[in-house]
Amino acid sequence: MAEYTLKEIIMQRKRIIAGNFKMNKTASEAVEYAKAFLPLVKGIDDVEIVLCPPSTCLQPMSVVLEGSAVGLGAQNLYWKDSGAFTGEISAPMLLDAGCGYVIIGHSERRAYFGETDQTVNEKVKAALGHGLTPIICVGEVLEERESGETEAVVDRQVRGGLAGLSSDQVASLVIAYEPVWAIGTGKTATPQMAQEVHHFIRGIVAADFGAEAAAAVRIQYGGSMKADNVAELISQPDIDGGLVGGACLTPDGFATLITNGRP
Ligand code: 13P
């Protein structure tokens, strides 16, 4: 990366908007979605677009997305490649199913499935080791924000998730700041509130992995992002995209959101 100036690295940072289907859609519904979605986003090359459906949808969806600019991501993985880990899916399996990305440490997984900063870190290493781009989720719950702990929580999650990685690895991955109180609630962080935390996260990356990694790493906002608030959020200097839940579930709605989020 050394051949580029920091300004050039920042200029090259491409927006990335990912749709997290969560536990919604059967494989046939996801295939129909992909068929309807592709023509709506055809020609968009200034935003990286990723769809993250449930794992049963990955392989059939990859067939539809093949040859398009739309990427495919999983919502979780396990860090071992294979073995006696009932119910889990590994990085090689995700690659085989056509994935290029994987969401790691979503707040729902931290809250309901016991994920910790340490398991997030294991998963991030496994993803990177197999060439998958991790989308690492961080964010505080309401009580933490109200008691002034947002920075401490985000600092611990970011440092925990990135522990032991190289600067080049950090430069290549995606961090999603999702304030938990804004997820699925219709309460969006104001662009200023989100920008503050995004700037803070980029500062952590700069301190631990250097100015170039901080200039390159992409930081998405997530939490009630919609077609009518994406433009204001994404125009903040440290907001490089979105991780979208509810508003990604219809092809039309998500395509409109992406179009409104173009530079
Ligand atoms: P909503 O967009 O439904 O608030 O969900 C955000 C989210 O959790 C994406 O991962």
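The figures that follow rest on heavy atoms only: side chains count, while hydrogens, waters and symmetry mates do not. The shown structure was predicted, so the numbers you read here are calculated from the model rather than taken from an experiment. Counting convention: from 1, in listed order, for ligands and their atoms alike.
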- [ ] Would you please test Ile44 and Val41 for side chain to side chain contact (heavy atoms under 4.5 Å, CB included) and show each step?
- [x] CA-CA 6 Å; Ile44 297 181; Val41 296; 4.1 Å; yes
- [ ] Take Trp181 and Glu146 through the test side-chain hydrogen bond (donor to acceptor under 3.5 Å, both in side chains) and record every step on the way to the result.
- [x] CA-CA 11 Å; Trp181 47 270; Glu146 286 176 343; over 6 Å; no
Open item on the list: Test side chain to side chain contact (heavy atoms under 4.5 Å, CB included) on Ile136 and Val124; report intermediate values, then the result.
Closed with: CA-CA 8 Å; Ile136 306 170; Val124 169; 3.6 Å; yes
Task: Evaluation steps, salt bridge (charged side-chain N to carboxylate O under 4.0 Å, His left out), between Arg15 and Asp46 - done: CA-CA 7 Å; Arg15 288 183 178 177; Asp46 45 12; over 6 Å; no
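Ligand 1 has no atom lying under 4.0 Å from any heavy atom of Ala247. For Ala182, the closest heavy-atom approach to ligand 1 falls below 4.0 Å. The shell of residues lying under 4.0 angstrom from ligand 1, judged by heavy atoms, includes Gly223.
Close contacts between ligand 1 and Asn20 involve ligand atoms 9 (C), 10 (O) [criterion: under 4.0 Å to a heavy atom].
Classification of the Phe254-Phe37 ring pair by plane angle, with boundaries at 30° and 60°, yields parallel.
Residue Glu108 has no N or O atom closer than 3.5 Å to an N or O atom of ligand 1. Between Ser224 and ligand 1, an N or O atom pair is found at a separation short of 3.5 Å. Taking distance alone, with nitrogen or oxygen atoms compared against 3.5 Å, Thr185 stays at or beyond that limit from ligand 1.
For atom 3 (O) of ligand 1, the closest non-hydrogen atom on the protein side is Gly246 N, 2.8 Å. In this structure, the protein non-hydrogen atom closest to atom 5 (O) of ligand 1 is Lys22 NZ, 3.3 Å. Shortest contact from atom 9 (C) of ligand 1 to any protein heavy atom: Glu178 OE2, 2.8 Å. When hydrogens are left out, the protein atom nearest atom 2 (O) of ligand 1 is Gly245 N, 2.9 Å; that is the closest non-hydrogen contact.
Within the 3.5 Å criterion, the main-chain N or O of Leu249 finds a donor-acceptor partner in the side chain of Lys25.
Between Glu115 and Arg110, no side-chain nitrogen of the basic residue sits less than 4.0 Å from a carboxylate oxygen of the acidic one, so the salt-bridge criterion is not met. Salt-bridge annotation for Arg202 and Asp240: present, with a side-chain N of the basic residue lying under 4.0 Å from a carboxylate O of the acidic one.
Considering Cys248, Gly184, Cys137 only, the shortest heavy-atom separation from atom 1 (P) of ligand 1 involves Gly184.
Counting non-hydrogen atoms of other residues, nucleotides and ligands closer than 6.0 Å to CD of Glu144 gives a total above 12.
The parts of Leu243 lying near ligand 1 are both backbone and side chain, judged by heavy-atom distances below 4.0 Å.
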